[in-house]
**Q** 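Mind looking over this structure? Questions follow.
First listed ligand is number 1; within each ligand, the first listed atom is number 1.
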Amino acid sequence: MSRIVIVSNRTPGKGPAAGGLAVALKKVLGEREGFWFGWSGKLTDSPEQKARFEDIDGLHIAQIDLSPDDHRAYYSGFSNSILWPSFHLRLDLATIESHWYEGYRRVNAQFAKALMPLLKPDDVIWVHDYHLIPLASELRSLGAKNRIGFYLHIPFPTVDALYAIPHHGELMRDLSRYDLIGFQANRDVAAFTDFAEHQAPSTFGTRPTEALDFSKTEVAAFPIGSDPEAFARLSNSPAAKKMIHRMHRALGEQALILGVDRLDYSKGLPQRVEAYEKLLANNQRFRRNVHLLQVAPPSRDTIKEYQETSDTLDAICGRVMGRFAEPDWAPLTYVKRAYGQPSLAGLYRLARVALVTPLRDGMNLVAHEYVGAQDPENPGVLVLSRFAGAAEIFPEALLVNPFDTDETAEALRMALDMPLDERKARWQALMAAAETHNVDDWALSFLERLSPGIGEAGAGARDVIYMASVA
Ligand code: F6P
């Protein structure tokens with residue numbers, strides 16, 4: 001039976017899994033043979049070439065350390081100051097220092113060198129996200145013949161934004177070394193196909209180059225999901241109830257409008273608060289009757305653009321407070337801290353409206369989780385950016401253009417005024433979509449396409465685990 005090897009920059013830690021990626025893949029690997037490979041989170045001046053294995057929560061995890069210089073160039077530099085802003089169409093926020101590319105490639109080569117000796121010939125390798133685009137090339141140059149798939153968790157850029165990325169030709173060549181590339185949404189497949197079909201030879205430097213050959217690479221959309229039933233259960237857990245109780249005490253009868261996002265410029269947080277400001281400015285009746293809670297754990301805060309986003313958000317929240325707060329009423333709370341899933345599930349359950357308005361987003365699992373956590377008899381309303389991949393899955397949300405804060409303010413008003421029947425009808429459609437696109441099916445469909453028959457191996461492994469625990 002083929003093993004599954006998952007490779008990503010971060011690996012699951014000992015505490016509760018933070019990102020959607022960790023939550024999703026932990027489940028896949030918990031049910032199948034294989035291991036997870038990635039960076040240990042540690043920086044050391046001369047990292048060992050060999051990976052260290054550790055068992056965390058029943059998962060086999062192989063990790064390597066990185067040197068501080070390589071990590072800076074690979075993670076804060078090329079991945080998050082060039083690829084991230086460009087893929088999110090924020091070229092204005094990209095910092096282009098071309099030497100970072102060397103560090104990015106060095107780390108990918110280091111990953112490949114440490115991973116190669118751990119591989120068996122029939123292992124199926126599943127590489128995740130923009131940090132590791134060159135990994136298949138590096139593994140293949142060391143002789144790997146395995147099936148290798150790549151999944152991009154963020155949006156794929158338009159052709160023009162792609163051309164602005166240094167070494168984009170090499171990166172696209174790297175993508176052609178995968179057997180399967182999975183994207184979040186159909187729009188990403190279309191953007192990729194646009195590039196693949198109309199590659200401009202002039203973009204590959206001064207040397208005459210041949211067009212890239214993607215004929216051996218399958219490309220498809222595999223929209224990631226969550227586990228909506230698990231969120232439904234979590235929203236009734238003691239920790240969720242405690243959070244609901246705490247919030248009830250603080251809010252009384254006020255309707256809660258909730259945002260939960262990493263503190264990232266792609267999430268459109270200043271625009272969101274501005275839309276809320278317009279709601280309060282245009283509709284006096286909501287003052288003292290609604291409250292915006294924005295949960296925004298800090299992220300990548302060594303990068304200047306992230307610090308600036310944080311400052312902008314501080315300023316705009318302060319402005320809204322100054323404009324509308326009264327001695328005994330605050331229009332919003334802004335929390336720069338991460339919460340565990342049970343507490344979040346409680347907040348989702350209580351929120352009358354979820355404001356999920358990224359300027360651009362791969363999928364957005366907060367939208368899925370919010371839907372999963374709703375009370376079927378009294379569900380809240382999802383206000384969703386049409387530029388999140390989730391908009392393709394959830395057309396019954398109130399879809400908005402997050403750049404248009406008047407439109408978002410009006411969607412907020414509609415959400416707050418929406419009668420119960422309409423809330424229920426919309427939520428039922430959203431929940432059906434969240435169940436269809438659940439995380440198990442996402443992983444299985446990707447793995448099945450990468451290596452037909454491997455999904456059944458997963459079902460077998462699940463049976464074995466079940467029998468063992470019964471015995
Ligand atoms: O979803 C994109 C992503 O980069 C994931 O790969 C990652 O787990 C998450 O965002 C958080 O980002 P970071 O690992 O940079 O903190």
**Q** Measure from the side-chain N and O atoms of S81 to the backbone N and O of S76, and report whether any donor-acceptor pair falls under 3.5 Å.
**A**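 Yes.
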**Q** F87 and Y130: aromatic ring centres closer than 6.0 Å?
**A** no
**Q** By number and element, which atoms of ligand 1 are closer than 4.0 Å to a non-hydrogen atom of Y130?
**A** 4 (O)
**Q** Would T44 and D65 count as having a side-chain donor-acceptor pair, cut-off 3.5 Å?
**A**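 There is no such pair between these side chains.
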**Q** Relative to each other, are the rings of F192 and F183 parallel, tilted or perpendicular (30° and 60° limits)?
**A** tilted
**Q** Taking only non-hydrogen atoms of H131, do any sit less than 4.0 angstrom from ligand 1?
**A**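 Right, H131 reaches ligand 1.
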**Q** Pull out every atom of ligand 1 sitting under 4.0 Å from any heavy atom of D129, numbered as shown with elements.
**A**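 Within the 4.0 Å cut-off of D129, ligand 1 contributes 2 (C), 3 (C), 4 (O), 5 (C), 6 (O).
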**Q** Please work out whether any backbone atom (N, CA, C, O) or any side-chain heavy atom from C-beta onward of R300 is under 4.0 Å from ligand 1, and answer side chain, backbone, both or neither.
**A** side chain
**Q** Testing the 3.5 Å rule here: is there a donor-acceptor pair between the side chains of T11 and Q63?
**A** yes
**Q** Taking only heavy atoms of R10, which atoms of ligand 1 are found under 4.0 Å from at least one of them?
**A**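 Those qualifying, in numeric order: 13 (P), 14 (O), 16 (O).
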**Q** Assess whether a salt bridge exists between D122 and R147, defined as any Lys/Arg side-chain N lying under 4.0 Å from an Asp/Glu carboxylate O.
**A** no
**Q** List every atom of ligand 1 that sits less than 4.0 Å from any heavy atom of R262, numbering the atoms from 1 in the order shown and giving each element.
**A**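 Answer for ligand 1: 10 (O), 11 (C).
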**Q** So, is Y75 polar-close to ligand 1, with some N/O to N/O distance under 3.5 Å?
**A** yes
